[in-house]
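Written below as structure tokens is the structure these notes are about.
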Protein chains: 2
Amino acid sequence: MTGYQHSSRILVALDCIIFGFDGEALKLLLIKRNFDPEFGKWSLMGGFLNADEDLHDAATRILFTLTGLQNNYLEQLQTFGAVKRDPVERTISVVYYSLVNIDDQDPLALKTHNASWIDLSNKPRLIFDHDQMVEAALRQLRYKAALYPIGFELLPEKFTVPQLQKLYEAIYNVKLDRRNFSRKIMATELLMGTGEKDLTSVTKKGQLFKLNKEKYQDYLNGYQSFLPEFTELSLS
Amino acid sequence: MTGYQHSSRILVALDCIIFGFDGEALKLLLIKRNFDPEFGKWSLMGGFLNADEDLHDAATRILFTLTGLQNNYLEQLQTFGAVKRDPVERTISVVYYSLVNIDDQDPLALKTHNASWIDLSNKPRLIFDHDQMVEAALRQLRYKAALYPIGFELLPEKFTVPQLQKLYEAIYNVKLDRRNFSRKIMATELLMGTGEKDLTSVTKKGQLFKLNKEKYQDYLNGYQSFLPEFTELSLS
DNA sequence: CCAAAAGTGTTACATATACACCCATGC
DNA sequence: GCATGGGTGTATATGTAACACTTTTGG
């Protein structure tokens with residue numbers, strides 16, 4: 001037997017929600033399409049699954065093509081499969097989301113694909129069901145960032161506590177108390193001081209920290225939860 | 001244009017993890033395969049996506065075929081897409097999990113498909129990557145049941161608080177304090193007394209409750225979290 | 001000297017946990 | 001009477017939330 005006899009083969013697409021953070025707002029990397037279909041409209045970065053390619057590898061490839069980045073945080077989100085979601089041909093789309101350091105990408109690749117970083121609050125209407133995809137990704141990011149310290153994936157290697165706080169404020173769209181936040185983050189032992197100070201800030205007083213990779217792995221492996229109180233915020 | 005020119009069409013399967021609860025243990029509805037491939041081995045219930053069928057509809061159809069049930073809790077989990085996951089032909093599988101009341105199903109449909117309810121703790125080795133699928137489903141169930149009161153989907157319409165407690169003990173594999181559990185559940189206002197008592201229990205003292213459907217919807221819509229302290233348990 | 005950013009300390013409140021007692025039923 | 005299962009109450013600990021003060025730097 002060389003294959004299943006019944007049933008139809010279907011086109012499998014992948015779409016990628018790419019989150020970034022510029023120090024103030026949460027951003028999305030979006031494409032102003034310079035190709036058909038839906039030429040000229042905004043969409044997520046996407047592509048098709050090849051027959052000889054693992055699903056996750058395909059997502060990695062698509063992310064690499066657009067950003068020049070590999071080894072980023074990349075997680076499968078959900079698969080969208082309404083019959084008419086793509087008017088050209090019946091296509092199901094496996095959606096991934098990724099967290100990247102906005103400073104690390106390849107500007108040429110972005111230019112080639114006509115991609116730009118857009119504030120989440122200014123997101124244009126996207127094609128097909130891409131708006132729903134973004135909505136689902138944001139929900140997942142909020143949930144995940146409450147239980148696991150994945151927010152660091154959006155920051156440069158060295159960062160200050162107030163920068164980290166701004167990131168969480170952007171993710172959950174809330175204002176946080178500086179003192180409580182600092183105390184809780186320090187209690188996680190996830191940060192290692194570098195001795196350096198952040199000279200770009202106004203007062204040059206911010207201490208730069210690095211992530212403690214070992215502790216980080218412990219948290220990712222789930223021996224303990226990260227910021228349980230944020231789970232409530234994931235529900236909104 | 002009638003379709004995308006490039007890229008290959010791929011077979012899309014669906015597999016379904018069906019959870020039940022018999023009052024003591026969490027159970028899975030599994031198939032002892034009376035068909036090829038992997039005749040005689042255990043697997044999840046599955047099927048293929050038709051070209052003219054929404055993905056979620058296909059999952060509903062497969063669940064219905066096996067259990068005779070519709071309108072159950074059914075949620076997409078994840079898509080498995082390793083190239084060699086199915087040795088017969090390259091197939092990606094979109095996995096759903098479902099919560100059913102174990103008393104409600106159609107015994108004939110079960111018999112036809114050679115299906116039986118198996119304690120999660122006695123799960124046999126399953127074909128392909130189905131073991132991983134079950135593992136992921138259990139993790140998702142634990143997380144979800146901590147934030148949303150979906151556990152009720154596994155119980156009959158009327159149930160006692162101790163029964164509900166046993167369910168949560170089975171899901172999280174822990175022992176809970178009777179008094180604290182009762183107080184917390186009552187505080188949610190999710191339960192409505194029926195006035196009846198559970199005459200099957202030894203002391204006939206257990207009060208039977210029904211779910212307050214409106215409150216239930218509120219929780220599902222996420223205006224408040226359900227049992228935040230359980231999120232910690234989801235991580236193990 | 002003042003404004004803005006960053007670092008640290010204290011208190012009150014809510015929530016989770018641990019534990020003790022009483023009641024009803026069947027045997 | 002007593003074992004079992006089911007219902008209710010209270011003290012403690014832990015963690016979250018609310019709030020005040022000090023220091024440094026640039027203008």
Side-chain angles (χ1 to χ4, degrees), chain A residues 23-24 145-147 149 155 158-170 172 174-209 219 224-235, chain B residues 23-24 145-147 149 155 158-170 172 174-209 219 224-235:
Chain A
E24 291 297 329
L147 298 185
L155 291 175
K158 296 175 186 175
F159 52 86
T160 67
V161 172
Q163 277 168 20
L164 185 62
Q165 179 177 343
K166 285 207 165 161
L167 170 61
Y168 276 85
E169 291 179 335
Y172 294 100
V174 288
K175 273 279 159 207
L176 298 174
D177 184 286
R178 193 164 32 91
R179 307 159 273 224
N180 294 333
F181 184 81
S182 167
R183 183 163 0 97
K184 261 177 292 195
I185 292 296
M186 286 310 174
T188 64
E189 300 184 353
L190 275 164
L191 303 192
M192 298 192 309
T194 62
E196 300 169 62
K197 303 231 161 165
D198 177 19
L199 302 179
T200 69
S201 92
V202 182
T203 61
K204 305 189 168 141
K205 234 191 129 186
Q207 219 193 124
L208 284 168
F209 291 91
Y219 276 97
Q224 44 201 330
S225 172
F226 182 48
L227 298 172
E229 78 269 22
F230 279 55
T231 45
E232 289 285 337
L233 295 173
S234 314
L235 298 175
Chain B
E24 291 297 329
L147 298 184
L155 292 175
K158 296 175 185 174
F159 52 86
T160 65
V161 172
Q163 278 168 21
L164 185 63
Q165 180 178 339
K166 284 207 167 162
L167 171 61
Y168 276 87
E169 291 179 335
Y172 294 100
V174 288
K175 273 280 158 206
L176 298 174
D177 185 287
R178 194 164 32 92
R179 308 158 274 227
N180 294 334
F181 184 81
S182 167
R183 182 161 3 95
K184 261 177 293 192
I185 292 297
M186 287 309 174
T188 64
E189 298 182 355
L190 275 164
L191 302 191
M192 297 191 310
T194 63
E196 300 169 61
K197 303 232 160 164
D198 177 18
L199 301 179
T200 68
S201 91
V202 183
T203 61
K204 304 190 166 137
K205 236 191 128 186
Q207 220 192 125
L208 284 168
F209 291 90
Y219 275 97
Q224 44 201 329
S225 173
F226 182 46
L227 298 172
E229 78 268 22
F230 279 55
T231 43
E232 289 284 338
L233 296 174
S234 313
L235 298 175

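We name chains A, B, ... by the order of the sequence lines, and we start the count at 1 in each one.
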- side chain to side chain contact (heavy atoms under 4.5 Å, CB included) between B:F209 and B:L164, worked out: CA-CA 10 Å; B:F209 291 90; B:L164 185 63; over 6 Å; no
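Taking both residues in full, the closest heavy atoms of A:K205 and A:K197 are given as O-CD, 4.0 Å, listed atom of the first, atom of the second, then distance. In terms of heavy atoms, A:F230 sits closest to A:L176 at CZ-CD1, 3.9 Å. Summarising the geometry of A:T231 relative to A:A146, their closest heavy-atom pair is N-CB, 3.7 Å, with the distance given to 0.1 Å. For B:L190 against B:P149, the heavy-atom pair with the smallest separation is CD1-CB, 3.7 Å. Residues A:L191 and A:M186 approach most closely at CD1-CE, 4.3 Å, considering heavy atoms. Residue A:Y172 comes nearest to A:S234 through the heavy atom pair CE2-OG, 4.2 Å, listed as atom of the first residue, atom of the second, then distance.
Atom CZ of B:F230 and atom C1' of C:dA16 are 11 Å apart (whole Å). In this structure, B:K197 atom NZ and C:dG26 atom P are separated by 12 Å, rounded to whole Å.
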- Item | Letter per nucleotide, 5' to 3', of nucleotides 4-10 of chain C [B base touched, S only sugar-phosphate touched, - untouched; heavy atoms, 4.0 Å] | BSBBBBB
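Heavy-atom contacts of chain A under 4.0 Å fall on DNA chain D between two terminal nucleotides, which in 5' to 3' order are D:dT16 to D:dG26.
Using cut-offs of 30° and 60° for the angle between ring planes, the B:F226 and B:Y168 rings count as tilted.
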